[in-house]
Student: 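Handing you this structure, nothing more for now.
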Amino acid sequence: SLFTTTLEADNINLITCDRLDSPVRVKARVRYKHQEQWATVTQTAEDRLLVVFDEPQRAIAKGQSVVLYDGDTVVGGGRIL
């Protein structure tokens, strides 16, 4: 029960664009020392993202940040719900 493939985030901040109009492949990090993992991110509302990881992730914690990367570029992020 510690593993999950999805998370939702609010309080989002997109850096490389104003809005995600379609699903985007990114690498996502859910903790400071966590290795980035492949995921697909979809903007589901003005201030909400749905992140679906390719592989289950351990202990995703509410209130922490998720950060989205395209290579070395930060796409954006949000607060995990």
Side-chain angles (χ1 to χ4, degrees):
S1 64
L2 286 177
F3 288 86
T4 187
T5 57
T6 63
L7 68 81
E8 285 189 283
D10 69 355
N11 198 26
I12 67 172
N13 182 15
L14 297 174
I15 297 168
T16 59
C17 59
D18 293 328
R19 178 172 179 75
L20 300 176
D21 293 322
S22 61
V24 177
R25 290 288 291 166
V26 296
K27 283 203 168 180
R29 178 180 287 177
V30 295
R31 282 185 297 286
Y32 174 69
K33 298 224 177 198
H34 185 252
Q35 185 174 2
E36 299 163 5
Q37 299 294 317
W38 281 109
T40 301
V41 62
T42 305
Q43 188 167 353
T44 58
E46 189 63 33
D47 194 37
R48 190 164 285 204
L49 298 174
L50 173 66
V51 180
V52 180
F53 290 95
D54 290 0
E55 300 291 329
Q57 303 301 302
R58 184 177 185 275
I60 296 174
K62 294 179 182 181
Q64 290 190 337
S65 295
V66 58
V67 182
L68 311 172
Y69 298 90
D70 180 9
D72 290 334
T73 303
V74 175
V75 174
R79 180 184 59 194
I80 298 171
L81 295 174

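Throughout, numbering of the chain's residues begins at 1 and tracks the sequence.
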Student: Please report the interatomic distance CG(Asp70) to CD1(Ile15), rounded to the nearest 0.5 Å.
Tutor: 12.0 Å
Student: Given 3.5 Å as the limit, does a donor-acceptor pair link the side chain of Gln57 with the main chain of Glu55, or not?
Tutor: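 Yes; at least one donor-acceptor contact below 3.5 Å.
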Student: Can a donor-acceptor pair be found, under 3.5 Å and without considering hydrogens, that links the side chain of Asp47 to the backbone of Asn11?
Tutor: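 Side chain of Asp47 to backbone of Asn11, a donor-acceptor pair under 3.5 Å: yes, one is there.
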Student: Let me know which of Leu2, Thr5, Thr4 forms a side chain to side chain contact (heavy atoms under 4.5 Å, CB included) with Pro56.
Tutor: Thr5
Student: Starting from Leu50, can I reach Val26 by hopping between I/L/V/M/F/W/Y residues whose side chains sit under 4.5 Å apart?
Tutor: no
Student: Taking all heavy atoms of Arg29 and all of Arg31, pick out the closest pair and write down the distance.
Tutor: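 That closest heavy-atom pairing would be CG-O, 2.9 Å.
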Student: May I ask whether Ile60 and Val67 are part of the same hydrophobic cluster, defined by side-chain heavy atoms of I, L, V, M, F, W, Y residues being less than 4.5 angstrom apart, directly or through others?
Tutor: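 Unlinked, Ile60 and Val67 end up in two clusters.
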Student: To the nearest 0.5 angstrom, please state how far the CG atom of Leu81 sits from the CZ atom of Arg48.
Tutor: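 Separation between the atoms: 5.0 Å.
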Student: Taking the side chain as C-beta and beyond, is there a heavy-atom pair between Val24 and Val75 under 4.5 Å?
Tutor: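 When only atoms from C-beta onward are counted, Val75 and Val24 do not touch, as no gap falls below 4.5 Å.
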Student: As an exercise, state the distance from CD of Glu8 to CD1 of Ile80, rounded to the nearest 0.5 Å.
Tutor: 11.5 Å
Student: If you round to the nearest 0.5 Å, how far is CG of Leu49 from OG1 of Thr44?
Tutor: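 Nearest 0.5 Å value for the OG1-CG distance: 7.0 Å.
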Student: Any side-chain heavy atom of Val74 within less than 4.5 Å of one from Tyr69?
Tutor: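 Yes. Closest side-chain heavy atoms under 4.5 Å.
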Student: Say you draw a straight line from CD of Gln43 to CG of Asp21; how long is it, rounded to the nearest 0.5 Å?
Tutor: 8.0 Å
Student: Kindly indicate whether the side chain of Arg25, heavy atoms from C-beta on, has any atom under 4.5 Å from the side chain of Asp54.
Tutor: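 Counting from C-beta outward, Arg25 and Asp54 do come under 4.5 Å.
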